[in-house]
Amino acid sequence: MEYISLSDYLKNKYGTKVYKLSLTSGCTCPNRDGTISTGGCIFCSEGGSGDFAAKGMNLAEQICYARELVDKKISSKIPLEERKYIAYFQSFTNTYGDQERLMRLFSEVLSYPEIVGLSIGTRPDCLSDEMIEHLSKLNLEKEVWVELGLQTIHENTSTLINRGYLLQVFEDAYKRLTDAGLKVVVHVILGLPGESKSDIIDTIDYLAKLTPRLFGVKLQLLHILMGTKLADMYQSQPFHIYELDEYCELVCECLRHLPPETVVHRLTGDGPKRLLIAPLWSGNKKVVMNTMREAIKKAHR
Ligand code: SF4
């Protein structure tokens, strides 16, 4: 089965492989600091759903550190000056806080010539008009993606996971972002407690019908991580966790329901291994990706 992966999209656009630099904006999250709730989404770990970013460094130091990590994986045949990167602010809610400071930060990161784009993970209820306008201007120079953690369209699941906003809020943000010409990437978690496969496909079908067409989607396996409310829930009332084959089959079904032009940024997700309670098979990335590739190869649209 054919689909557009993020690496295909980037390779087509930039003529080379583009790597993500995981950075931190220093933001917190209204769903954790008491503005919406103190508990956060039940699956969210201490690191705010992004445990790999450099912490306690200024932007230049972070870029340097993140490049060192990423460059280790890049063939030495690609000269340093030809390497391209996307700046990725993943942890917490990266448009929440002092708007002036954040707008300066996003402008500054895009001033690095090797950084060809910016990806900002945030919540749909944390997008001020001024921020959207600023990002829209930056987007004229280098591409800017806004990543929204929708996870599900079902309000009962949203309440269970303490997402803290209604679907209507997502719809409003989607309209404002796309009206401003920004590309939106939606995160969906596969395997949330109480959701059947058909509930998950409902979410995918909803995304497939968005107008204008959704730019990107991240399919993420539900990870149960130590120290989260989800872990307590799982331990007191265990619920179904996908086996690897079952998960791969579900991903293929999701791909079948997505428009072929939607860029698939992720097929599984990688939670921090040291915190992982279940499913343990997800810790073996190589096996997961090989099994997934095989399943997708065999699947038909
Ligand atoms: S919105 Fe993101 S950072 Fe905030 S609690 Fe939920 S997953 Fe964590």
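First listed ligand is number 1; within each ligand, the first listed atom is number 1. What you see is a predicted model, and the numbers here were worked out from it, not measured in a lab.
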Which of the ligand 1 atoms, numbered from 1, are nearer than 4.0 Å to a heavy atom of [X]:
| X | value |
| --- | --- |
| Gly40 | 5 (S) |
| Arg32 | 5 (S) |
| Phe92 | 3 (S) |
| Phe43 | 7 (S) |
| Arg123 | 1 (S) |

*How does Arg163 reach ligand 1, by side chain, by backbone, by both or by neither, if only non-hydrogen atoms under 4.0 Å count?*
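The answer is neither; Arg163 stays 4.0 Å or more away.
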
Does [X] qualify as a cation-pi partner of [Y], given the criterion of NZ or CZ under 6.0 Å from the six-membered ring centre and within 45 degrees of its axis?
| X | Y | answer |
| --- | --- | --- |
| Lys17 | Tyr19 | yes |
| Arg176 | Tyr174 | no |
| Lys84 | Tyr14 | no |

_Tell me whether Asn162 contacts the main-chain N or O of Ile42 through its side chain, where contact means a donor paired with an acceptor under 3.5 Å._
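Pair absent, no side-chain N/O of Asn162 close to backbone of Ile42.
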
*Under 3.5 Å, side chain of Lys142 to main-chain N/O of Ile115, donor-acceptor pair present?*
yes

*2.8 Å cut-off met by an N, O or S atom of Cys29 to atom 4 (Fe) of ligand 1*: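 Yes, since at least one N, O or S atom of Cys29 sits under 2.8 Å from atom 4 (Fe) of ligand 1.
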
*Side-chain contact test, heavy atoms from C-beta onward, threshold under 4.5 Å: evaluate it for Thr228 versus Cys44 and give yes or no.*
no

*The one among Ser91, Gly121, Cys41 that brings a heavy atom closest to atom 5 (S) of ligand 1*: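 When every heavy atom of Ser91, Gly121, Cys41 is considered, Cys41 comes closest to atom 5 (S) of ligand 1.
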
